[in-house]
Every structure is written in C-alpha cells, then in structure tokens.
Amino acid sequence: MASLPKPDELLAINYKPPRTGWMDTPVKFRRGTYLYGAKPKNLEAVGLPNPREWSPEEEDWKLPENWQEIILEGLRERLGRFRSLQIFMDACVRCGACADKCHFFIGTGDPKNMPVLRAELLRSVYRKDFTTAGKLLGKLFGARELTLDVLKEWYYYFFQCTECRRCSVFCPFGIDTAEITMIARELLNLVGCNIDWIAAPVANCYRTGNHVGIEPHAFKDMVEFCVDEIENITGIRVEPTFNRKGAEILFIAPSGDVFADPGTYTLMGYLMLFHEIGLDYTFSTYASEGGNFGMFTSHEMMKRLNAKMYAEAKRLGVKWILGGECGHMWRVINQYMDTMNGPADFLEEPVSPITGTKFENARSTKMVHIVEFTADLIRHNKIKLDPSRNDHLKVTFHDSCNPARAMGLFEEPRYILKNVCRNFYEMPENTIREQTFCCGSGSGLNSDEYMEMRMRGGFPRANAVKYVRDKYGVNMLACICAVDRAVFPALMDYWVPGVAVAGVHELVGNALVMTGETERETNLRGEPLPVKGKGENGGE
Amino acid sequence: MKDGKNNILPGTHEILTQRKSAILQKWYQRILDSYPAEAARFFKEEQDRFANPVGTTIYQALEGLYEEILQGMEAGRVRACLDSIIRIRAVQDFSPSQAIAFIFQLKHVLKEELAGEIREKGLSLEAVEARLEDLALLAFDIYMQCREQLWELKVMEIKNRTARILERANLTINFPY
C-alpha cells in the first residue's frame, strides 16, 4: 500500500516549479507523459541491440556496462558521416528565433522543449567530448558529462519532438532540429532505448510490410470490405487488384487508411476515383504500407523498410508509383528514397494516363503524390463532381507537417477541397502552410499511453481550429496524413468538440459522380446526405 | 449561483472595478509563476493568440472570471471561463491542487492590492470570497471531467484501432457501455 502523506505534507502545496538550472533538473517519468520502452521481441525481430524487459519509470534501465562508450563512439561516427550534424552542433548562436516556435514548448511551457534547448541536450555532451574548450572549461562552456540522468533526459525529450520541422523554418542558419532528434534517437537505439510504439511497427513492417502486421490475405480482405461498402452506397462494384504484374501503376497508401476509421473512408475515396477514371493500377500486399517508422529509429532502418517500394515496383513491372495521403512517408520519399533506395532506373518518368501530364517533379523518385494526381484530373475536367453532397460540411485544412514543409505541397489539397466542397475556410496564416502546427503526435508519438502529452503538444493546432469553428462554424478538419486522421479525433474531442476529421479523398469520394451509380442516400460514413437546397443543415 | 445573498456592496464593487487592471495583472502573474521562468516570460509577452494560445487563453479567461465575480456569476459564462483555464492545466505538469490553485490566489491578490482600503475604509471582501468558493467547487468538477475525458479518449482510440479488424474476423464485440 502506498504510504499516506502526513497532514503537514498535505498542506505543503508548492505553486512554483523548481528553480534549478536545466542541466541540474532531472526528468520525472510520470504516466501519460512518457512512452513505454521497446519490448525485447520487437528489437530482436530486426536485430537491434540490448533487447530486454525494461521500463523508463524504473531506476535501472538495464543498459550494457559500456553504454557511455557505445553512445560516444556512435556520436563520433555520425559526426564523421553526416556533415550536417557537425554543422548543427557548431553553428547555433542561441539567437532564440526557434525558441517559441515548437508546439510542445507552446503547449507545455517546458523550456527543454525549446528547440534550441532540445538540441543543447545533445550539444552539451558533444562539447564535453568533442571540443577542446568543452573538455577544459566544462559547464562554463555549456559542456556536461553523459550520465544516466542525461540519457534519461534524451529519452524523454527526443521522444517528445515530433520531427515536424516548424522550428527550422525560423532558424537563420537552417538548423534542422528534426535531424538532431533523428540522430539522438539513433544513439538511444544503440543501447536499446527505443519506444515500443515505434519498435513494434518497425518489427511488423519488416515481417509483413505494414505497421499492423497484417498478412496478405487479411490485407486484401480489408480492402474488399471497403469495396463492399462502396457497392452499398453507390451500387458500383469497384475492382482493385493485388500483386498484379504488368499493371501500369503501383499504389501505396498508409496502412492506417486500410485498418482504422476515419482513414478507411479515405481509402474508399481512392478506390472510387481509380475506378471512375479507369486507372490501370495494383496494390501490393507486401508494399502494403507507405508509413515508415524506420525513419524514427535509424537511417539504416528507414532504408531497410522503404526498400519494399522499389522492390515491389520492379517485381510487378509497373511504370511508376502513386502514393496515398500520408505524412512522414512523403518526407522519406521526397528527401531520401531516391539516393537511399534508388536509382529507380527500371521505372519511367510518371505521366498521368488520363491527362498526359508529366510529373516532372517526380522524375527522379518516380513516385507521385495522390493530391497532385487528383488536382491534375480536376484541372483537366476529367472527373465530374457534385460538391453539394458535402454541403453539410464547413471544412478547414490542416497542412500536415511533412507534405507541407518537406514537399511544399500547399496548393494542390486546397484546390481539390475547393472543388469538392463549397464551404472552405482557412485557419489563421501563422498556423498553416509552412508555419503549420503539428498534430502533436507525429514521428511515432501517437500512442494512447501518451494521451496527456499529445493534448499539450496538439493544443496550438486545436486552438486555431477552435477559432474557425467559433467564427465560421467549421465542423470538418481535412488533412492528408494517416497519423493526423488517427490522432485528430481525440484532439478535437478534447479541445474543439464538434469538429470531425477526414482525409481529402474521402471528400472527393463523396463528391465524385460515378458513371452508372445509383442515387446516393448516404455519404461514405453511412450518414444521410444533405437534402438539396437545404445547405449546411440538410444532413442533420 | 446567483442567489442574491452574496451581492457585492456598491462601494466594494466600485473599488474592484477601478482597480481591475492592477488586480488582474497580479492575478495573472501568480498563474504565470507556476510555470518555469522562460515559459512565463513567453506566455506574458507574446500577444498573438495563435502563437501563444496558453498565455492568451488564460488571460482572457481570468478577465472573464473577474467580470463575472463582479457582475453576478452567470453560470454558463463562469463555466466557460473556468473550463478554458482548467482544460489547459489539467493536461500540464500540475497536481490537481496546483491546477486549480489560481482561484484561491485571487484572495491573496485582493488582500495585498487592497490592503489600504481594507485597513482604512473597512472594505469587506466577504461576498467576493464566497463567490470564489463557488468557483472552487465548480473547478473540482471541471478538472475531474477533463481528466476522465483523457481516459475515455484513450479507450476510444484503442477500440477504434481494433474495431474494423475484429469486425472482419466476425468477432464483433458489443461493449455494454
């Protein structure tokens, strides 16, 4: 039984936080604010070091005896391999431009969430062991020993950064905190300190190709479930194919769209669109996942898990690859895949078979984002849309961090939305496009045990949604990321009740007039369609 | 809440209205002091409500609460103001007592700020304090609702994640709640 506090202890309520310096304030692991440690089976599955049963809450993290040596050697090796890391370690002048740009700092008020200080967690150790001044002057030069408390601090704060890169937009030197976080997580992985919410999807992806660990027959079954639903709503049976050799296009979506609502409605939108335009495409039951939690583990793991995309494209003999609405998947594709898994010289420069548009931006990767593809279809009047079916919705758009900041994909989703619905409202300027606020749960932090911290990190985003809900009556938050679709429903329920969440292609599916369809009575969610002429209240 | 028994006397009302700005600033500062210094500075200085949702939301809600204490405690508005502050503090690193301490802190601020009037003019804050007690009780309810909602969201997320898969496996489970 827990010991009861004495009366005088009960009365000693301290309203103020500790006034110790950041280097001397160790982390407290409290449920709701940290992520569970990786289970041994998930590390073993991919050969990651130090698999064991452990918990961040316990004193003993069961580290290898020479863990400091392993990490410092790992850092030395990476400083040599990544010139960017060396520059990021040396270049920061602590100007503070990034300090108040992180959603976690804004939401928590915890100074160690200022990107400059988050990077300093690693930089202080770098100074101690890799700079002369740091070796000689120690703390005076902002250097410190790598102790167990420091390692625990790394775990807490580098798994409290969503790698969203909002801070880097404001850094005059272009320091990318996401890359610092990526390296810090690599170092943590060297001694077995990953979180299970990342380690499990990595292990599953390695085995079955998708985060959930669903095998080919079940994957096919899940997609066909959506096929049945589409038939119920439209009277049309769409016919997706799987592992079909000789298809023109390989389609890869995040598995969240196959397995979890509201992502499944987005998948229905893709399937309906492809059917309507007669696209010659196939799914792969191994490249059955666009998401890549390897990116949150190490560069090597990212490469290893992503290899399936080109491997499957080659095996199936397709001409190019079309990718679904996902976030970090597109950072991997746009910024790493080409040099990491390429060259994809067995594929062709993507050309839309419907409009003839050449996607020159994808000449190198051979992979096109579906919102570029669909926006192009609309631009060329290749699909018939009835936006009144979305009249009960007042829609705003959340720029998902990676498509926004890693791809500059700002206009295409908005162009689609404005064509498939008639009530569209932007959130305030400093919360969208390249300044978009993260959902607070990206980069593998979307676990349920982290709910409390997710609510803090997602508050700046939710606050902007609340503004458009109160001002315009917005009731739908559209996005192009599977993690967004998974985590926004909870975030909205807590901060902005009354706002639902949808992928852009769900709204496309609703508006799409399909050849030979029966008159629709419901939207893709099975809810009654708005009555014509009744506007926003028609569907209520 | 508006029971008529605890009406603030006109003289007190006038002083509280005149000194509103100073009292409000001090009250806000007390809340800010519960955050680390770097955060407190940011919450106070950044005026853009989208760049600084925590600071601006808390300040606006404090102002609203102060008005309600003076004007008559309209239940809906009081609840909305309390909710916007407590909803934030319920998910930050605070114990329940720390999260809602700001209500009692107004008592200290008033006594400090109005010490002269209390001593010299016999200003009574009894009616204001009674209203603060009402606020405190309501704050317990709101704090608990927020925390319970967090757990509900966790459960909903877990259910939603597995529902489709169970459905396809013909394992539809009707949770009796």
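To find a chain, count down the sequence lines: A is the first, B the second, and so on, and within it residues start at 1. What you see below is based on every heavy atom in this structure, not just the backbone, and it leaves out hydrogens, waters and symmetry mates.
- Residues of residues 430-440 of chain A lying under 4.5 angstrom from chain B, judged on non-hydrogen atoms, are N430(A), T431(A), F437(A) by number.
- Looking at P428(A), only its side chain comes within 4.5 Å of chain B, counting heavy atoms on both sides.
- The line from CD of E452(A) to SG of C146(B) is 11.0 Å long, rounded to the nearest 0.5 Å.
- For a heavy-atom cut-off of 4.5 Å, chain B lies close to A486(A), V487(A), A490(A) in residues 482-491 of chain A.
- The line from CG of D100(A) to CG of N52(B) is 8.5 Å long, rounded to the nearest 0.5 Å.
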For K28(A) and D93(B), what are the C-alpha separation, side-chain angles and deciding distance, and is it a salt bridge (Lys or Arg N to Asp or Glu O under 4.0 Å)?
CA-CA 10 Å; K28(A) 281 185 195 140; D93(B) 262 332; over 6 Å; no
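- The distance from the CZ atom of R456(A) to the CD1 atom of I88(B) is 12.5 Å, given to the nearest 0.5 Å.
- With rounding to the nearest 0.5 angstrom, the CG atom of D493(A) is 10.0 Å from the CD atom of E157(B).
- Nearest heavy atoms, F459(A) versus T57(B): CZ-OG1, 4.1 Å.
- Geometrically, R49(B) does not engage Y467(A) in a cation-pi contact defined by less than 6.0 Å to the ring centre and at most 45° from the axis.
- Annotation: maximal heavy-atom pairing with chain A below 4.5 Å, among I158(B), L150(B), L153(B), V91(B), occurs at V91(B).
- Heavy-atom distances place the side chain of D48(B), and not its backbone, under 4.5 Å from chain A.
- For chain B, the nearby part of T33(A) is the side chain; its heavy atoms alone come within less than 4.5 Å.
- Only the side chain of M114(A) comes within contact range of chain B, with at least one heavy atom under 4.5 Å from a heavy atom of that chain.
- Listed here is the closest heavy atom pair of A39(B) and G109(A): CB-O, 3.0 Å.
- For the pairing with I106(A), the side-chain contact (heavy atoms from CB on, under 4.5 Å) check across F50(B), F42(B), F43(B) returns one residue only, F42(B).
- Note: R87(B) leads Q92(B), R87(B), E38(B) in heavy-atom pairs under 4.5 Å with chain A.
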